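Written below as structure tokens is the structure these notes are about.
These values consider heavy atoms only, across backbone and side chains, with no hydrogens, waters or symmetry-generated copies. Keep in mind it's a predicted model, so treat the numbers as computed, not measured.
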Amino acid sequence: MKRQLTPALAALGLAIAAASVTTAASAETVLRASHQFPGGQGDVRDEMVQMMARHVEEADVGLKIEVYPGQSLFKAREQWGALTRGRLDITSLPLDYASGRHPEFSATLMPGLVRNHDHARRLNDSEYMEMIKAVILDGGARVLADAWLSGGFASSERCVTSPDTVDGQNFRAAGPAFEQMLEAAGASIASMPSSEVYTAMQTGVLDAANTSSMSFISFRLYEQVDCLTEPGDFALWFMYEPILISEQVWQGLDETQQAALMEAGQAAEDFFAAEAAAIDQQMVEVYEENGVEVVRMSEEDYNAWLEIARETSYKNFAENVPNGQAIIDAALAVE
């Protein structure tokens, strides 16, 4: 005959079961990953972070990554501060967003400093990147995966090619280096993350913007512009958007967990490298399908922009940023 448990014993059994579940759950370290990009819609930056989460889970090292896309956890420009203070564990971040705290990061969005995707990959293993990563680490974070996104320009007023075409346009320029160059060419500047560009264009705050090819797609800016300047053979715009982990959090992990994260980061980086060039073509196709005119800068246009950049962005960076000239020289030394 089956004995009936008294209410007290039943309650005790439930408490023991709950304690066992809690103990098992507490053995797993959960890391929160935040980024500003749309989730589950094909944005390569979201896919990199999601891929890392899967790899870490498969490694079975007591580690789990929860991904919060679309600014659902932190606003775009809050992420660096949250990361370095240990309030956020992992982020995919356009590094120039933190240049207000570390002006050296403006060198990761410097007009014409990166020529193409192959050149970007060579920069990853250069003295230039060692200098940037030293600042990242000193600031309280470390890189898990490198990613350089190419980009272009788009406008609802007129196509952006030569410097005179931006005169009088209200422009979102992504970072200080591009802002200085565009302002010198006659543009008015409004600073904001790429996630806010759509609304700013919709409400007339912006006439034009530059951002990454991926952001041009995922934020559906083709609904607000009439002309797109694709990167083409003369890409002025490349931006470093790594996946970062809080150094404070990193130091709290064991060696097997750290190794699993580095392996996951390498897998995400390799995935991005295979996808990077195709993103530009995807952007062109999406914009043409939506009736947007697509143009390219000529070599003459590109050189005219570089001349302005050298007298503004490059000069200001060299004069006002600690070790600025050495950082630029290290980047320019990479063929």
Side-chain angles (χ1 to χ4, degrees), residues 35-38 45 70-71 74-81 93-103 105-112 149-231 235-241 283 287 292-293 295 297 305 308-309 311-314 316-317 320:
H35 64 73
Q36 74 194 68
F37 312 109
R45 293 156 296 194
Q71 302 188 100
F74 288 96
K75 296 296 184 183
R77 295 192 184 278
E78 295 174 352
Q79 292 175 131
W80 173 263
L93 181 74
L95 192 63
D96 190 75
Y97 283 12
S99 61
R101 297 171 185 259
H102 301 280
F105 293 164
S106 285
T108 64
L109 183 59
M110 188 71 70
L149 278 83
S150 59
F153 300 76
S155 173
S156 60
E157 294 294 313
R158 58 183 177 276
C159 295
V160 176
T161 50
S162 59
D164 62 284
T165 58
V166 306
D167 188 27
Q169 295 203 59
N170 294 319
F171 229 105
R172 183 266 184 179
F178 268 88
E179 289 175 355
Q180 292 158 14
M181 181 188 72
L182 286 162
E183 196 167 27
S188 297
I189 303 300
S191 298
M192 64 189 72
S194 55
S195 50
E196 296 176 12
V197 170
Y198 185 100
T199 301
M201 285 191 153
Q202 189 178 44
T203 57
V205 172
L206 289 179
D207 301 315
N210 58 10
T211 190
S212 70
S213 298
M214 192 74 258
S215 289
F216 271 124
I217 299 169
S218 58
F219 291 120
R220 303 172 64 90
L221 298 183
Y222 51 81
E223 295 179 353
Q224 300 298 327
V225 302
D226 296 315
C227 187
L228 170 75
T229 308
E230 63 163 309
L236 272 177
W237 201 100
F238 264 84
M239 189 176 199
Y240 184 55
E241 302 189 22
M283 174 184 66
Y287 275 68
V292 177
E293 181 181 1
V295 300
M297 286 187 186
W305 278 115
I308 295 173
E311 292 303 313
T312 55
S313 312
Y314 284 49
N316 289 337
F317 188 84
N320 299 312

Return yes if some donor-acceptor pair links the side-chain N/O of Glu179 with the main-chain N/O of Ala173 below 3.5 Å, else return no.
no
Any side-chain heavy-atom pair from Leu109 and Trp237 closer than 4.5 angstrom?
yes
Give, for atom NE2 of His35 and atom CZ of Arg45, the distance between the pair rounded to the nearest 0.5 Å.
9.0 Å
Please assess Tyr287 against Glu293 for the test side chain to side chain donor-acceptor pair (under 3.5 Å), listing each intermediate value before the final yes or no.
CA-CA 8 Å; Tyr287 275 68; Glu293 181 181 1; over 6 Å; no
Is Phe171 close to Leu206 at the side-chain level, that is, under 4.5 Å between some pair of heavy atoms?
no
Is there a side-chain contact between Gln224 and Leu221 in this structure, where contact means two heavy atoms from C-beta onward sitting under 4.5 Å apart?
no
Drop me the distance from Lys75's NZ to Glu196's CD, to the nearest 0.5 angstrom.
7.5 Å
Parallel, tilted or perpendicular for Phe219 and Phe37, by the 30°/60° rule?
tilted
When you compare the side chain of Val197 with that of Thr211, does any pair of heavy atoms fall below 4.5 Å?
no
Out of Asp167, Asn170, Asp207, which residue meets the side-chain contact (heavy atoms from CB on, under 4.5 Å) rule with Ser188?
Asn170
Going by distance alone, is a donor N or O of one side chain under 3.5 Å from an acceptor N or O of the other, for Tyr97 and Gln79?
no
Measure the CG-CZ distance between Leu182 and Phe153 for me, rounded to the nearest 0.5 Å.
6.0 Å
Test side chain to side chain contact (heavy atoms under 4.5 Å, CB included) on Ser213 and Leu149; report intermediate values, then the result.
CA-CA 7 Å; Ser213 298; Leu149 278 83; over 6 Å; no
Less than 4.5 Å apart, side chain to side chain, heavy atoms only: is that true for Thr161 and Val295?
yes
Can a donor-acceptor pair be found between the side chains of Ser215 and Ser212 at a distance below 3.5 Å?
yes
Under a 3.5 Å cutoff, is there a donor and acceptor pairing between the side chains of Arg172 and Ser194?
no
If you apply the rule side chain to side chain contact (heavy atoms under 4.5 Å, CB included), what do you find for Cys227 with Arg158, and how did you get there?
CA-CA 7 Å; Cys227 187; Arg158 58 183 177 276; over 6 Å; no
Looking at Phe178 versus Trp305, is the centre-to-centre ring distance below 6.0 Å?
no
For residues Thr165 and Cys159, determine if any side-chain heavy atom of one lies less than 4.5 Å from a side-chain heavy atom of the other.
no
I'd like to check Thr108 versus Met239 (side-chain heavy atoms, cut-off strictly below 4.5 Å). Are they in contact?
no
Considering all heavy atoms, the nearest Gln36-Ser195 contact:
NE2-N, 3.8 Å
Any side-chain donor paired with an acceptor under 3.5 Å for Ser155 and Gln169?
yes
List the atom of Gly151, the atom of Pro231, and the distance in Å for their closest heavy-atom pair.
O-CG, 3.3 Å
Interatomic distance, Ser150 atom OG to Phe238 atom CZ [nearest 0.5 angstrom]
4.5 Å
Taking the side chain as every heavy atom from C-beta outward, state whether Thr229 and Met297 have any atom pair closer than 4.5 Å.
yes
Report the C-alpha distance between Phe105 and Trp80 in whole Å, list the side-chain angles of each, state the deciding distance to 0.1 Å, and finish with yes or no for ring pair (Phe, Tyr, Trp, His ring centres under 6.0 Å).
CA-CA 12 Å; Phe105 293 164; Trp80 173 263; 5.4 Å; yes
When you look at Val225 and Met201, which way does the side chain to side chain contact (heavy atoms under 4.5 Å, CB included) test go after all the steps?
CA-CA 8 Å; Val225 302; Met201 285 191 153; 3.5 Å; yes
What pair of heavy atoms forms the shortest contact from Ala76 to Gln71, and how long is it?
N-OE1, 2.8 Å
Which atom of Ala174 lies closest to which atom of Asp96, heavy atoms considered
O-OD2, 3.6 Å
Glu311 CD: over 12 foreign heavy atoms closer than 6.0 Å
no
Is a side-chain N or O of Tyr314 found less than 3.5 angstrom from the main chain of Pro111, in a donor-acceptor match?
yes
Closest non-hydrogen atom pair between Val166 and Ala185, with its separation
CG2-CB, 3.6 Å
Going through the checks in order, is the side chain to side chain contact (heavy atoms under 4.5 Å, CB included) test met by Glu157 and Asp226?
CA-CA 7 Å; Glu157 294 294 313; Asp226 296 315; over 6 Å; no
Measure the CE-OG distance between Met181 and Ser313 for me, rounded to the nearest 0.5 Å.
6.0 Å
Spacing of CD belonging to Gln180 relative to CG belonging to Asn316, to within rounding of 0.5 Å:
4.5 Å
